[in-house]
Asks: 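One structure coming up, written as structure tokens, with questions to follow.
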Amino acid sequence: MNTNMAVCIAVIAKENYPLYIRSVPTQNELKFHYTVHTSLDVVEEKISAVGKALGDQRELYLGLLYPTEDYKVYGYVTNSKVKFVIVVDSSNTSLRDNEIRSMFRKLHNSFTDVMCNPFHNPGDTIQSKAFDGIVSGMMVQTA
Amino acid sequence: MRKKIFFNNNIPLPPLELLHFFFFALFTSLYTSLAQQLPREPMEWRRTYGRAPKMILLEANFVQFKEELLPKEGNKALLTFPFLHIYWTDCCDTEMYKSSVKEDMMRWQNSLRTHGSSDWVIIVVETNDTKKKNKTNILPRSSIVDKIRSDFCNKQSDRCVVLSDPLKDSSRSQESWNSLLLKLRTLLLMSFTKNLGRFEDEMRTLREKRTQPGWSFCEYFMVQEELAFVFEMLQQFEDALVQYDELDALFTQYVLNFGAGDTANWLGSFCAPVRNWSGLLLRRPIDMEKRDSIQRGEASLLDLRSYLFSRQCTLLIFLQRPWEVTQRALELLHNCVQELRLLEVQVLEGALDCWVFLSCLEVLHRIEGCCDPAQLAANCSHTVGLWAYATDKLKSLGELCGLVSKNGPNSEDLNRTVDLLAGLGDERPETVNSLQSPYKKLKEALSSVEAFERHYLELSHAAMEMYQAIGRLRSARLVGKSLAEFYMRKGDPERAETFLQEALKSYVSEGWSLPVTHTRRQVAECQKLLSKTEDYLQTSALLAGDVNLTTDERKHFCQEILSFTGKSGDQSHKVTLSMGVFAQLTQLKFHPAAASVHSGAVLQVELTLRCLMPVSVRIQQLVASIHFEVDHGGTHGRSKGAQRRTHPGTVVFRQSNSSAGPPSSAGAGPSLELDEIQDRSPSDNSLNSTGVICKNTHLLMRRHDSNSPPDTPNCISPPTVGIKEGAQMLKVQDVTLEPGNNSITFTAPPGTYTLRQLCATVGEVQFILPHIYPSAQYEVYSQEPQLTVEPLSEPLLAGLPQKVKFTLLTGHYTVKKGDALQLSNTETMPILPSTSCTARISSPTSELVGESTLSIQSSEKVTSISLPPAPPYHTLEFQLEVLCIIPSGADRPANERLTNGEVRHRPRSYSHPDTPMTAIDQRMSIDCPWSIYSTLLALTFYIPFKTKHSLLSAGNRQYIQVCVQNVSDVNFALAEVKLTEKQHASLELQSLNTKTQQLLCCKHSVFCLWEVRWKDDLPSCLQCVFSANFSPLSQDISAYKPFHYQFQLERVTTLYSVKAEIFPPAGEQRCRSGVLCGLEVCITRLTEPAEGEIAEDSKTETDGPKTTKLMYEVADSSSNWAVCGKSSGMVLMPMTANATHKVQIEVMPLFAGHLPFPKIKVLKYLPHTAAVAIQPDPDSCVENDSLSLLDKTLDDQGDTASIRSRGSVHSVGSGDQQQKGVAMPRLEPFSPGQVFNHSHACQVLVLPATDDHIMEVNAT
């Protein structure tokens, strides 16, 4: 098992409904949904704080949104206010900030590809194999 | 609060035997002021490794020198390190110096050297007293100092300082005191820097050895903490904090490495089972207890972490960064839990919860202790995490200890509680007296169910309020949800529901399906317990249709509904639920697609319902309520609104899927309903403006925040809507809805209706769709039968057989076998019998349904057309040939009655403005089987010809000319042209027409001429009939139709002949221009007076010879002649044949050449007594006009005035004309042919006046 990975990856629309959410221990899916949903509080807080300070020149990566006993929740927001949330197991300490950033960047690139698909209707949930593949690559493999 | 740590600076005092009592007293007084004054001024501290210089204050502690206090090799204690050794002496006596002091100094120096200390200073105190005392053998002061310097300070002369008269208040002593302080500070700092640097190096070396066996973290911890203490002492809290952070990181790394399989021996002590979980202690600057245990290597992981954090906390608070404390605290707590898990440390279940709970509260208390409430309130975003964490932990503790269950804790729970409380140990002395210490709180909370509840609620509400205050509503709801779970465990579903609904609303509105399902299931549980039947059923229905649940769960909830519906429903009221939870209306289809049919046909409305239930559900009744639309009564055949889109007759309802995907608020909403608008000016209907209007702005422009989530079924309380009472409905009984799409067909009643609501009834439960949107409208209309007759081709020509089309829209009437149309026959427009007349029957969609032959029976009065059977709302078409007989002339028979008793209206011809043809309106009266009234229809025919006649005469011979003008657009052939006289058989009309058949092209005329011959007397009045056969050119002979023209000629006999002659002047052969010549007019009576004429004239002359008055007039319109003298006059003519009257008039030709004779007119003169026998025909007006023109030449006539007045009176036409006519004499022209002019168009040659040279050419 590669621990250097996320346990839950979510893409959330501007209007805060989930466009994509996948978590690895499937039995805990519900908990992740709650966690990601709650993390939107902090995302919104951070977006508004950043918006005031820097205007358009803002950092997409929001950093650690909040830690829980078991998980660390990281956030990222695109310029179109689509949010990416990555949940990492707290015991997974080998994951550095830079790696999280690069995960988000990869996610963002793949998301952009999905949006570029002329057959994709923006606002619909993401059902792209390519995106799935990218996400799978970033997640803990439970064989 | 400022904590003071003193430097333990060794101050070597001179051996006691050498110390005077006085000096000792002096030193003690100096010591105090030194210790006080040393830290008064800051020194710039230049640091190694490129660290920025800082200004620091040095504090020192003075300790008497003892050999054993000197640091041994490897001593890492920095706090007790002697930084500067000072040798004090007041020796001023050389002898004494040499004998003892020097030796003592040497010894001191040696011992320092052996311990590797080079930081020393010798202070020589000079007092006046000592000087005075040993005046004689005193060396100069400088010499002692010099001596010391030369003896000890080889190159460091600054190591020896002179302090003069420290106890005196002189400027000199003050100066030396200040320089001493400066010197001490400098040296102290120098030593400090050097030793600190060395310490740091050694520390690093030690750290580098951490991989070696036997290395102990605890030992290293103490070393680095020493450094931290030093920095803290120097008030360099930042640097001090760095030391702790480094230790923290180092330890963390070890734990992680351990987790990765790299074990370190020293970690053993940290892996020991946790025995104490008393939480953080942040009230002491240094928790010596824990520090000692670390030093002893006995500390547990929690001890170490707690100690480390308490130090960090202290420093952070010094640094005024309390919010970092809370943040770090949360990280620490999470981290500790993780680390213990990673190290697989044995912990009693719940112990960590206790520790975390206590620690959270401790941190919060500590922060509260150093911040004012306003500051706290403003920064609750930093503390709320701890509150929530504490709440969470307390809850799990409560659950663990059986404090949440309905029955309270059992013995096992109690044992566990006792064990947990034991691990807390005794309360720390700092908090023993405080009422609200974390320790007391926890103990109390675990002691009883009630206390637990109180504390738990307090914490929960605090956390929720804080979350709400900082706008973290989702977090607040999550806490609320957890609170709800608590209430549910306590058996208080009522309170739980509020929180659950709140949370549910949030999840629904943001479209998080999994939390929605989960929360909704909890809500269902609540509602069941609360026996909120309606809500429970609603929620159950939603859950039954929730794809996130397993099929079994869904079936369970579905069964819940069905079992309710199965209950014998004694209660009269039915439970009403929203349709959306049960099934979705996905599509509505009309058959036929136009959604508009006549009442006889079947309009079906097909609904597609997607049933969301996991099993098939039997529905007793499905009802669609419909609303009657009044305003669209007349516009049948027009589909409305949504049906106008791509698929006519189909309305597709967009679904807002409740269970998966984005909520409909995310962009879906109601779709735009756009319509084109055109603003036309009311006067001339011209377009003023055009645009697009949105018809449902009220739905689209709703304020977003105020509207409830659009998917109402997900709402907490579904809107209680009922089917409107008394509304008309479409019904279907006993339908079984299978999971998935179901198709249900309704049959629509007549009328224009909009579908409004849908209601499915299952036992006692009604599922209602309160509003069908987009609206779907249909129309079932009723129509009266309509019969129209129209020409097959325009225009209808009279006189020829023309086809007309009969169109019968059957409407609601069914044409049965034997139904017939009864047409009243008219003479002027007979219906031509035709052998093959077929009727076409076509459906409303213009498809041909059938064809059948019509049977037409004509009797004398009516023509009966028997119709083929035709269904309602079909079109029946057939054609008939009719002929409109051209009215031949003026005879108009009396009105006759039609068969139905109506007055027959004679067709009247009139001239139509659009065409030169004369139009005739033919009316038809048709009796239809569906109505007791006759249908009156009119057809307009046009007469293609215009006919004129004229009488021409030559002497006694008479000719009749008839002109036929073709005014239609058709070319005709004209044949068998005939003229007959009706009354006089003896009369012979000899045709002068050579051709038997003539072409009459459109807009052309044909003239025909007949000579009238008679044997006895020519009748004065002729009744003539012109007749011809005509046919359109394209058709053959058989299609010839007759054309008659009747006319009457009166006074055809030639009464007078007028003969004019021009005589040249006497003696001339020819007339010459400009020379008077004679004009002789000879008027001869040709016939005996006819009876009418006598009668006419007898009135004028009752007695006397039969004469008549004629008036003649010579007029030359072309100015060829000048009439000299009288140009007109009266002639009295005897009324006998061959009576002649001659008149001589002088005229003068004005030109030379062949000049036409001047015109001679003869008119009847009626004297004033004559009654107006004949009303002047309008035609005579023309001649009267010419007459009045003529009047102008009658200037000299006595009665011209009366003549003129008569002409003018004529045009006025007033009532007194008769009277005037009686009084005035008047002129009357003769009818054409009555006067024959022999010299009409005669010419006379006129020579020019003189022959010679003037040649006049007149070209006209």
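Letters go in sequence order (proteins before strands), and every chain restarts at 1.
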Asks: Roughly how far apart are B:Ser509 OG and A:Glu15 CD, rounded to 0.5 Å?
Replies: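 Between atom OG of B:Ser509 and atom CD of A:Glu15 there are 11.5 Å.
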Asks: CZ/B:Arg477 to OG1/A:Thr38 distance, rounded to the nearest 0.5 angstrom?
Replies: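 Answer rounded to 0.5 Å: 10.5 Å.
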Asks: Are the side chains of B:Leu514 and A:Phe32 in contact, using a 4.5 Å heavy-atom criterion?
Replies: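 With C-beta onward as the side chain, the pair stays apart.
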Asks: Distance-only, no hydrogens or angles: does the B:Trp512 side chain make a donor-acceptor pair with backbone N or O of A:Asn16 under 3.5 Å?
Replies: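 Yes, because the side chain of B:Trp512 sits within donor-acceptor range (under 3.5 Å) of the backbone of A:Asn16.
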Asks: Count the heavy-atom pairs under 4.5 Å between each of B:Asp392, B:Leu333, B:Leu473 and chain A, then report the option with the highest count.
Replies: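 Counting heavy-atom pairs under 4.5 Å, the top option is B:Leu473.
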Asks: Search all heavy atoms of A:Pro18 against all heavy atoms of B:Glu510 and return the closest pair with its distance.
Replies: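 Heavy atoms only, the tightest pair is CD-O, 3.9 Å.
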Asks: Are A:Glu44 and B:Arg472 packed together at the side-chain level, in the sense that at least one heavy-atom pair is separated by less than 4.5 angstrom?
Replies: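 No, too far: nothing below the 4.5 Å cut-off.
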Asks: Under a 4.5 Å heavy-atom cut-off, does chain B meet the side chain of A:Ile12, its backbone, both or neither?
Replies: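 For A:Ile12, the contact with chain B is made by the side chain alone.
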Asks: Does this structure show an ion pair linking A:Glu69 with B:Arg341, if we count only N-O contacts that are shorter than 4.0 Å?
Replies: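 A salt bridge is present here (some side-chain N lies under 4.0 Å from a carboxylate O).
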Asks: Just checking, any donor-acceptor pair under 3.5 angstrom between side chains of A:Tyr34 and B:His518?
Replies: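 Their side chains do contain a donor-acceptor pair, which is all the 3.5 Å distance test asks for.
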Asks: Between B:Leu478 and chain A, with a heavy-atom cut-off of 4.5 Å, which part of the residue counts as in contact: side chain, backbone, both or neither?
Replies: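 Only the side chain of B:Leu478 comes within 4.5 Å of chain A.
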Asks: With side chains defined as the heavy atoms from C-beta onward, is the minimum distance between A:His37 and B:Ser506 less than 4.5 Å?
Replies: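 SC-SC contact between A:His37 and B:Ser506 confirmed.
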Asks: For B:Tyr467, enumerate each residue passing the ring pair (Phe, Tyr, Trp, His ring centres under 6.0 Å) test, keeping only those at least two apart in sequence or located in another chain.
Replies: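 Not a single residue meets the ring pair (Phe, Tyr, Trp, His ring centres under 6.0 Å) criterion with B:Tyr467.
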Asks: Is B:Leu256 close to chain A through its backbone or its side chain, or both, or neither, when contacts mean heavy atoms under 4.5 Å?
Replies: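 Just the side chain, heavy atoms under 4.5 Å.
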Asks: What's the separation between atom CG in A:Asp41 and atom CZ in B:Arg474, rounded to the nearest 0.5 Å?
Replies: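 Separation between the atoms: 5.0 Å.
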Asks: My understanding is that only residues two or more places apart in sequence, or in another chain, count here; which of them pass salt bridge (Lys or Arg N to Asp or Glu O under 4.0 Å) with B:Arg554?
Replies: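 Applying salt bridge (Lys or Arg N to Asp or Glu O under 4.0 Å) to B:Arg554 gives none.
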Asks: Just so I understand: if I count every heavy-atom pair under 4.5 Å between each of B:Glu339, B:Gln327, B:Glu331, B:Lys393 and chain A, which residue has the most?
Replies: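 Top count of heavy-atom pairs under 4.5 Å with chain A: B:Lys393.
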